[in-house]
A.B. asks: 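Below is a structure I'd like to ask you about.
To find a chain, count down the sequence lines: A is the first, B the second, and so on, and within it residues start at 1.
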There are 2 protein chains.
Amino acid sequence: MPVTLKEVAERAGVSRSAVSRTFTDGASVSVSMRRKVEKAARELGYSPNALASSLTTGRTKLIGLVSNNFHNPIFLEVFDLFTRGLQDRGLRPLLVNLSEEVDPTNPVRMLRQYSVDGVVVASSTLPPGFSKAFRDAGVPVVHSFGSLSSAPEVHVVGIDNQEAGRLAARTLLERGYTRVGFMGGPEFATSTQDRLAGFIAELSAHPTIRASYSFADAYSFDAGRKEMLRLLKEEPAQAYFGGDDVLSIGALSAIKDSGLDCPKDVGIIGLNDMEMARWNNINLTTIRQPIRQIVTSSIELMAATLEDRDRFPEARIFSCTVVERGTLRPALKA
Amino acid sequence: MPVTLKEVAERAGVSRSAVSRTFTDGASVSVSMRRKVEKAARELGYSPNALASSLTTGRTKLIGLVSNNFHNPIFLEVFDLFTRGLQDRGLRPLLVNLSEEVDPTNPVRMLRQYSVDGVVVASSTLPPGFSKAFRDAGVPVVHSFGSLSSAPEVHVVGIDNQEAGRLAARTLLERGYTRVGFMGGPEFATSTQDRLAGFIAELSAHPTIRASYSFADAYSFDAGRKEMLRLLKEEPAQAYFGGDDVLSIGALSAIKDSGLDCPKDVGIIGLNDMEMARWNNINLTTIRQPIRQIVTSSIELMAATLEDRDRFPEARIFSCTVVERGTLRPALKA
DNA sequence: AGATTATTTGCAACCGGTTGCAGAATATTT
DNA sequence: AAATATTCTGCAACCGGTTGCAAATAATCT
């Protein structure tokens with residue numbers, strides 16, 4: 001059904017190579033030849049088969065976009081930015097949903113079968129083993145929103161989750177809270193671990209502060225709500241660092257339903273600054289993660305790595321900022 | 001770098017065809033041969049190149065997943081369900097972001113270059129011209145969440161938006177509202193037009209009801225908020241059918257900020273029943289769209305159409321239900 | 001104009017697989 | 001055991017392009 005190179009060549013009365021060259025830029029074709037071929041191509045409605053050409057060029061322009069975060073609203077924006085950014089560079093995102101996948105073997109095989117030029121891992125929860133498995137398969141990898149190690153083995157772009165944890169702790173201290181809590185996401189998520197570590201590290205310099213830690217089952221409204229209801233039954237802290245915004249909003253709902261007031265009785269600070277956080281019936285104080293910059297930078301890094309496949313792995317860190325809203329009491333006067 | 005068929009054949013000491021057959025099911029290979037080949041393949045870490053084979057088989061198992069709804073939280077779930085559902089059938093979603101695209105030419109070309117086996121258009125706002133353009137390119141198309149015409153030219157799976165509009169109108173009538181409004185999404189969106197048409201149709205049977213219509217700039221919180229603020233300045237209706245949930249939540253925020261109470265002063269019914277609608281600090285009465293069923297059915301329909309490419313276009317309609325929450329006053333006693 | 005150099009062009013082989021066909025190897029039948 | 005029917009296997013051509021190489025054309029220089 002689709003028109004092939006050969007048909008165009010025949011109609012234009014030239015060789016197949018000539019047609020091929022008119023459609024590969026940088027190739028040597030005379031203007032007259034180009035005109036002839038383009039005319040024939042137009043009349044036939046020809047457009048070259050990217051897959052066939054990938055066979056010889058070794059480039060598909062396919063980029064695996066793998067994620068397992070299909071329940072966090074910020075990731076819709078992440079996908080939006082990634083797809084547009086990749087498209088703008090002529091790259092095609094092959095979306096891979098890794099929810100419930102524990103072993104990288106299958107995804108790796110699949111991505112190799114489709115000869116992707118690179119893989120973007122967009123996930124805050126996938127263990128680094130996945131990225132490494134892709135790299136070991138010889139594919140350039142950028143892990144966005146990943147956790148950074150001191151010696152990155154693949155490119156990582158994101159925030160420093162430990163620093164975010166420290167920032168959360170500092171913010172709570174500034175507000176004069178003396179009993180604080182970390183209400184994290186699922187314990188196995190890399191982001192949770194890192195944020196907790198930072199949170200603890202910062203507080204360790206303040207021995208007078210009482211701190212507690214617990215984990216919700218998932219990064220979800222219900223999990224946050226459930227966990228906060230549990231916490232409120234016993235002696236709750238004065239303020240919590242919620243694992244992320246969705247979780248924090250769930251916690252907020254628990255607080256209100258328990259007849260308590262936020263921030264008067266219990267304070268909350270979230271993380272992400274997702275769209276809903278600023279909705280005025282939520283109005284969540286939170287730590288903002290610069291998503292747009294992270295995605296843009298990830299795409300640039302991927303493009304650069306496609307050029308130079310031996311590029312040394314690097315970590316690109318973006319800083320977070322506190323977004324003041326209504327779920328934490330004001331800072332103490334200095 | 002990657003291992004090829006030939007290398008496996010050499011190592012196993014057999015012909016290339018033999019190796020190929022081992023990896024295509026339904027092909028005739030003896031057990032001893034299969035064992036030999038599989039051993040060699042395992043040792044070399046071979047897995048067949050799907051793109052190369054697509055050249056001769058004519059099937060890539062690539063499915064274009066095209067959408068322009070990257071700001072509506074329900075679409076995150078839609079993408080989740082689609083990617084998993086497609087993956088489960090061995091199909092690979094090639095994600096295409098059509099935001100800001102007004103002409104189907106480029107996307108069509110791109111999808112043809114990558115020889116997708118089919119296209120799923122997942123959008124409630126794209127005009128039918130896009131689906132038709134894909135179909136005209138000879139690719140099987142399923143338009144999910146699309147608007148249905150009486151004579152579908154491509155497969156359409158979704159709700160009957162007109163019926164949803166009627167349902168909204170009926171619901172408002174049941175509650176005894178006599179001055180009602182339609183606060184739609186952007187006027188050009190197909191879903192908005194259909195919902196409005198149904199809303200009007202239902203009310204036309206009730207000449208005593210005063211009805212008004214207006215449109216927000218987008219399906220977004222801010223647009224809904226802005227439009228409701230505008231409406232509240234003049235003489236507002238007693239209750240509104242909000243174009244979708246996000247819009248309705250924006251409207252809700254405007255109502256509260258204006259010192260009014262919902263549902264006491266102004267009622268709202270949304271559409272979609274997205275996750276946040278049930279968050280208790282929102283608690284939006286809304287019309288539920290059965291997303292999961294729509295996606296599942298779309299995938300089945302796509303799979304069936306891949307089998308029989310001449311399948312006659314059909315429309316699959318799922319019904320909506322009202323989800324009672326807190327933004328509409330109770331129904332009148334009968 | 002003739003020699004020299006730079007551009008174009010077509011040939012043919014190749015990218016990594018698949019598949020119709022015919023001969024070889026097995027299995028089944030009588 | 002011979003004849004017949006089945007199942008396997010390799011050959012070679014093909015899928016839709018690309019590209020090194022050498023011949024053919026065009027451009028530039030004396």
A.B. asks: Taking only side-chain nitrogens and oxygens of B/S28, does any of them come within less than 4.0 Å of OP1 or OP2 of D/dC8?
C.D. replies: yes

A.B. asks: Between OG1 of B/T22 and CD of B/E38, what distance do you get to the nearest 0.5 Å?
C.D. replies: 7.0 Å

A.B. asks: Going by an N to O cut-off under 4.0 Å, is there a salt bridge joining B/D136 and B/K132?
C.D. replies: no

A.B. asks: Taking the side chain from B/H155 and the backbone from B/P313, do they hold a donor-acceptor pair closer than 3.5 Å?
C.D. replies: no

A.B. asks: Is a side-chain donor or acceptor of A/S144 paired with a backbone partner of A/V295 at a separation under 3.5 angstrom?
C.D. replies: no

A.B. asks: Take B/F70 and A/F82 through the ring pair (Phe, Tyr, Trp, His ring centres under 6.0 Å) test and state the conclusion after the steps.
C.D. replies: CA-CA 11 Å; B/F70 282 82; A/F82 263 120; over 10 Å; no

A.B. asks: Distances under 3.5 Å only, N/O to N/O: pair up the protein atoms with those of nucleotides 10-17 of chain D.
C.D. replies:
residue	atom	partner	partner atom	Å
D/dG10	OP2	B/S15	N	3.2
D/dG10	OP2	B/S15	OG	3.0
D/dG10	N7	B/R21	NH1	3.2
D/dG10	O6	B/R21	NH2	2.8
D/dC11	N4	B/S17	OG	3.1
D/dG16	N2	A/A52	O	3.3
D/dG17	OP1	A/N49	N	3.1
D/dG17	OP2	A/L5	N	2.5
D/dG17	O5'	A/Y46	OH	3.2
D/dG17	N7	A/R16	NH2	2.7
D/dG17	O6	A/R16	NH2	2.9

A.B. asks: What's B/V19 touching, base or sugar-phosphate or nothing? Going by heavy atoms closer than 4.0 Å.
C.D. replies: nothing

